[in-house]
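In what follows, a single structure is set out as structure tokens and then discussed.
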Amino acid sequence: MAIGDDERDAQGLPLFVPERWDREKSGRFFDSDEHGGESDGKGNHPAPNLIRSAAPGVITAKLDQLAALGRANSLWTLTFGLACCAIEMISTHMAHHDFDRFGVVTWPSPRQSDVMIVAGTVVKKMADPIRLLYEQMPDPKWVIAMGTCATSGGPYYKSYSVVMGVDHIVPVDVYVPGCPPRPEALMDGIIKLQRKIKDDAKGEQIDLLQEATDDRTDA
Amino acid sequence: MTTEQQHDTIDMMLNMGPQHPATHGVFRMVLTLDGERVLDVTPHIGYLHRGSEKLCESESYGQVVTLFDRMDYIANLNNELAFCRAAERLMSIEVPERAMYIRVILAELNRVASHALFIGTYAIDLGAMTPVMYGFRERERIQNLFEAVTGARMMHNFIRIGGVKEDVPDDFGPRVRQLIGQVREGIEEMDRLLTFNEVYLARTRGVGVIDAATAISVGLTGPSLRGSGVAYDVRKDDPYEIYPYLSYKVPIGENGDCWDRYYVRLQECYESLSMISQCLDQMEAGPTMVQMRRIARPPKGEVYVHSENPRGDIGVYLVSDGTDKPYRLKIRPPSFCNLVGLAPMTRGSYIADAVAILGSLDIVLGEVDR
Amino acid sequence: MTAQTPNPPSEGDGEPPPAAAPVHRGPPIAIAEEVLNERGERTARLLAEVVGPHAQESGGRDDLPWAVVAPENLVEVARKCRNSSELALDMLHLQFAVDYEDHIQMVYVLFSMSLDRKAILRVNLPAEDPTVDSVVGLWEAASWYERETHDLFGVEFAGNPDLSPLLLFDGFEGHPGLKSYPFNDYQEW
């Protein structure tokens, strides 16, 4: 980043010429590359609260649950529709299947949103922007993969340019299947995410299979 | 301009990236700005390129219909119709008349739904937050009917080669008539709110003007071309299905600005609704699917068929080698061709106008990138 | 489609054994009739007048006549088609490539907005080095069609100022539109 005396532009301001224009792809680029960038299959976990890191030993269980209640009931989603599922996502936000009653508001900026609903096919060209947007979202954040394309590639599994599921790029918390999923299915996904947020704070884990088995009275 | 010439300025590049609330999908525009004036715009597409054309070569004709559904995901039935007509032309199949009436009714309803979404999202791009709610309310009504007829809200897979998948339910006639009345009232509400609204006129009148000669050379089709005064509508000039039996007008614009393109689409909604009621009057009982083999094997040959999508002329060029999978299927997406006209329209306007112009072209990225 | 098992190579024979031609099993492949209707006949006559001796082959179906021209004559023929007062083919509706393995065929679909005419021009290019002149000077719509064809098929267009990748990401190797490009056999990432 040398600024020589002769490197000035027409107005006399120093001309910024970086040493390399492309960023290094290997090594630690994103903050989440710390643990080798591997996911533990359980989605995103919000960072522990400040009190716990400042004064370890203080039990903050009820505070965590209160914070989780607040976070779950006011999820702001990033306006991130990629393909056809985006239309169903917009329909869910509209007056008929109102999403606002869950506290969900669609917000265009990643810096102020909580959830990224990846709605649509993830194409290799779009993989970098998706990762960038994910990293721009501050903690705590969650990701919902909406539709079969975002879950596992969907009807484009034979294609040369499709990423088989967005979980190759970002850790996903809730998968909503469907092509496209009905608005009611997406609302179900948000409800499950709300439960996950509240249960994570309690330290419990919802086991959907166990629940479904318990609901059945007879074998 | 004299004030600007006194200072030495440099041009700024502004990136409206793939994630943007006003770009209607994953579309990236790089604007070269001189202050607030746009000097040039470079569109970058390909963020939704799923390789549909290559995939079509490995899927049978019945599966290709589902791929077409997902290309222009707002006007699904029009796409299915375009492809099925191409395959039928190659196989010399004559679709029964009742099937043609059902196809046209569904296609026109889908056109109204697509234009309702256009009006709503165009208004919210310009800052009006209410019409989008009304537009989606009309869309919900139409999608409700689609669910009753085809079984799905969006990806219907209903128009098949040789006809339609199955006959419509018994209460189709009265239900559609009631729907037409309700949708007409909803569109009229949006019309009253927007069309001659002072703010709306100030934002769209005189913005993004393109003259007829440039529009034709660039390849614009559909309402964007008709807004510039060129009277070309595939339903009138190259009629297909049962459009010759319907009487309707084709709205043509005068100035070629954003307001004209919006007004053409608005009037098309009303014309489509009247077309649907004419179809219901003329429709008679009969078969809805031609007797043919389950696996479509068109003979060796090539065919090019084009039809009127809500966004323009969708063309399907089908090269068949006699097997049950297409050899080459080339899709002419109207939004892809309309996007070439973005640069001539946007040069010289302001940044806010760039959003208005992009919205008035009514692009769908699934179709642009395929 | 079964192939006979190739014979094992004999000693001292460095060449691979010849592969058997694929056998088609199934009903005989029908060939569609290519018949022009009245409108098409009229346009075909006008097209023959305009294209003249450059037409190597011609034909048509319904109202769309087509003509095959040599790559060197393409721009001249296209200009005559566009400027002729009888044809007035002022819109390039579609331009794309078909990969026939041993050659690549470029197809130009031309429409007339003012008159009732449509025509198709075809150009056959060799598969190893597909190069043709660009028609961007005649129809602005060709700019993106040619970029896409260059991306997906590798066809070079001489005279197009901007052939940067349109649909594929920077650094994509290969031309996916070609038949030789394999399908993804469910490969994760």
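Lettering follows sequence order; numbering is per chain, from 1. Just so it is clear, the structure is predicted and the values come from calculations on it, not from any experiment. All values below were derived from every heavy atom in this structure, side-chain atoms included, with hydrogens, water molecules and symmetry-related copies excluded.
- Of the options L125(C), N124(C), V98(C), a side chain to side chain contact (heavy atoms under 4.5 Å, CB included) to H103(C) is made by N124(C) and by none of the others.
- S360(B) and R261(B) share a side-chain donor-acceptor pair at under 3.5 Å.
- In this structure, a donor-acceptor pair under 3.5 Å is present between the side chains of E302(B) and Y317(B).
- If you tally non-hydrogen atom pairs under 4.5 Å between each of A213(B), S320(B), G322(B) and chain C, the highest count goes to G322(B).
- Contact of L168(C) with chain B is made through the side chain alone, with heavy-atom distances under 4.5 Å.
- When heavy atoms are compared at a cutoff of 4.5 Å, P344(B) approaches chain C solely by way of its side chain, counted from C-beta outward.
- Only the side chain of V319(B) comes within less than 4.5 Å of a heavy atom of chain C; its backbone N, CA, C and O stay farther away.
- Contacts with chain C were tallied for L48(B), D313(B), T214(B); D313(B) has the most, counting heavy-atom pairs under 4.5 Å.
- For Y100(C), the parts sitting under 4.5 Å from any heavy atom of chain B are the backbone and the side chain alike.
- Looking at L89(C), there are no atoms closer than 4.5 Å to chain B (heavy atoms on both sides), in backbone or side chain.
- Both the sub-6.0 Å distance and the 45° axial angle are not jointly satisfied by R117(C) relative to the ring of F111(C).
- Contacts with chain B were tallied for H93(C), E140(C), M91(C); H93(C) has the most, counting heavy-atom pairs under 4.5 Å.
- Between F172(C) and F169(C), the ring planes are perpendicular. Angles over 60° get that label, and only those under 30° would be called parallel.
- Between chain C and the options C337(B), P298(B), S58(B), heavy-atom pairs under 4.5 Å are most frequent for S58(B).
- Between F83(B) and Y61(B), the ring-plane angle classifies as parallel under the 30° and 60° cut-offs.
- Counted within 6.0 Å of NZ on K300(B), heavy atoms from surrounding residues, nucleotides or ligands total 12 or fewer; the atom is thus considered open.
- The part of A97(C) that comes within reach of chain B is its backbone (N, CA, C, O), which places non-hydrogen atoms under 4.5 angstrom from that chain.
- Of the two parts of H306(B), only the side chain, counted from C-beta on, holds a non-hydrogen atom closer than 4.5 Å to a non-hydrogen atom of chain C.
- Contacts of R82(C) with chain B are absent, with no heavy-atom separation under 4.5 Å from either backbone or side chain.
- Interface check for chain C: of the options G46(B), G51(B), P299(B), the most heavy-atom pairs under 4.5 Å are formed by P299(B).
- For the pair R85(B) and Y240(B), the cation sits on the ring face: its NZ or CZ lies under 6.0 Å from the ring centre, inside 45° of the axis.
- With no hydrogens or angles considered, no side-chain donor-acceptor pair links R297(B) and T323(B) at under 3.5 Å.
- Looking at D63(C), only its side chain comes within 4.5 Å of chain B, counting heavy atoms on both sides.
- For the options D238(B), D237(B), L339(B), heavy-atom pairs under 4.5 Å to chain C are most numerous at D238(B).
- A cation-pi contact links K179(C) to Y327(B), judged by a cut-off of 6.0 Å to the six-membered ring centre and 45° from its axis.
- Contact of Y232(B) with chain C is made through the side chain alone, with heavy-atom distances under 4.5 Å.
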